[in-house]
Chemist: 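Right, I'll just put the structure down here and ask away after.
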Amino acid sequence: QVRLVESGGGLVQAGGSLRLSCAASERTLSNLNMAWFRQAPGKEREFVAAFHWSSGNTYYAESVKDRFAMSRDNTKNTVFLQMNSLKPEDTAVYYCAASTGIVPITRPSAASSWGQGTQVTVSS
């Protein structure tokens, strides 16, 4: 397992932007699949974006494609989620996840480590 710490959440108006960060401590990002999920009150945790180490591919949920972008800074062992054109329905707690498994983390069950979450609230 790896310790993950998210930051960057907050309150923003609809149409605005936020950038979330997820720092992996005590190890590098090498051979780590990374992902972002979110969970709104009363709803299940849902997939947002994932980076698959072995293929180098990045995957996005349809609801955020073309608005969100996942990136990484290997020198800082940190991944980012740039969120643009935010909508009220993007309001949720956002979680960072990691695994060393074979498949990308597009389901919560594929993750072996989770961050504590960061709140994102988008006002209309």
Chemist: If you measure from CG on Leu81 to CZ on Phe68, what distance do you get to the nearest 0.5 Å?
Modeler: 6.0 Å

Chemist: What residues, two or more places apart in sequence or in another chain, satisfy salt bridge (Lys or Arg N to Asp or Glu O under 4.0 Å) together with Glu62?
Modeler: Lys65

Chemist: State, yes or no, whether a side-chain contact exists between Leu20 and Glu6 at a heavy-atom distance under 4.5 Å.
Modeler: no

Chemist: Taking C-beta and beyond as the side chain, do Thr100 and Asn31 meet within less than 4.5 Å on heavy atoms?
Modeler: no

Chemist: Can a cation-pi geometry be assigned to Arg19 and Phe80, taking NZ or CZ under 6.0 Å from the six-membered ring centre and within 45° of the ring axis?
Modeler: yes

Chemist: Would you mind reporting whether Ser113 and Arg3 have side-chain heavy atoms less than 4.5 Å apart?
Modeler: no

Chemist: Under 4.5 Å between any side-chain heavy atoms of Gln119 and Thr91, yes or no?
Modeler: yes

Chemist: List in chain and number order the residues that pass side-chain contact (heavy atoms from CB on, under 4.5 Å) with Thr58, two or more places apart in sequence or in another chain; answer none if no residue qualifies.
Modeler: Phe51, Tyr60, Met70

Chemist: Do the side chain of Ser112 and the main chain of Ala98 share a donor and acceptor less than 3.5 angstrom apart?
Modeler: yes

Chemist: Can you give the donor-acceptor pairs under 3.5 Å from side chains of residues 82-89 to other protein atoms, not counting sequence neighbours?
Modeler:
from  : atom 1 : to    : atom 2 : distance (Å)
Gln82 : NE2    : Asn84 : OD1    : 2.9
Asn84 : OD1    : Ser17 : OG     : 2.9

Chemist: Would you kindly confirm whether Val64 and Tyr94 end up in one hydrophobic cluster when ILVMFWY residues are joined by side chain heavy atoms under 4.5 Å apart?
Modeler: yes

Chemist: Going by side-chain hydrogen bond (donor to acceptor under 3.5 Å, both in side chains), name the residues that satisfy it together with Thr75, two or more places apart in sequence or in a different chain.
Modeler: Asp73

Chemist: Taking Thr118 for the side chain and Gly9 for the main chain, is one N or O donor matched with an acceptor at less than 3.5 Å?
Modeler: yes

Chemist: Go through Asn77 and Ser25 one step at a time and tell me if the side chain to side chain contact (heavy atoms under 4.5 Å, CB included) criterion holds.
Modeler: CA-CA 7 Å; Asn77 298 329; Ser25 62; over 6 Å; no

Chemist: If you compare all heavy atoms of Ser99 against all heavy atoms of Ala111, which two are closest, and at what distance to 0.1 Å?
Modeler: CB-CA, 4.2 Å

Chemist: Restricting to side-chain hydrogen bond (donor to acceptor under 3.5 Å, both in side chains), what partner residues turn up for Trp114, sequence neighbours left out?
Modeler: none

Chemist: Does Ser30 reach the main-chain N or O of Thr28 with its side chain, forming a donor-acceptor pair under 3.5 Å?
Modeler: no

Chemist: Would one find more than 12 heavy atoms of other residues, nucleotides or ligands at under 6.0 Å from atom CG of Asp66?
Modeler: no

Chemist: Once you round to the nearest 0.5 Å, how far does CZ of Arg72 lie from CG of Leu29?
Modeler: 4.5 Å

Chemist: For residues Trp53 and Leu32, determine if any side-chain heavy atom of one lies less than 4.5 Å from a side-chain heavy atom of the other.
Modeler: no

Chemist: Distance from Cys22 atom SG to Leu4 atom CG, nearest 0.5 Å?
Modeler: 4.5 Å

Chemist: Under 4.5 Å between side-chain heavy atoms, hopping through other hydrophobics if needed: is there a path connecting Val48 to Val122?
Modeler: yes

Chemist: Do Phe47 and Trp36 touch side chain to side chain, with heavy atoms closer than 4.5 Å?
Modeler: no

Chemist: Would a 4.5 Å heavy-atom cut-off, applied to side chains only, mark Ile102 and Ser54 as touching?
Modeler: no

Chemist: Looking at Arg45 and Tyr95, would you say the former's side chain and the latter's main chain have a donor-acceptor pair under 3.5 Å?
Modeler: no

Chemist: Side-chain contact, heavy-atom cut-off 4.5 Å: Leu18 with Val120?
Modeler: yes

Chemist: Can you list the residues that meet the side-chain hydrogen bond (donor to acceptor under 3.5 Å, both in side chains) rule with Asp90, with sequence neighbours excluded?
Modeler: Arg38, Arg67

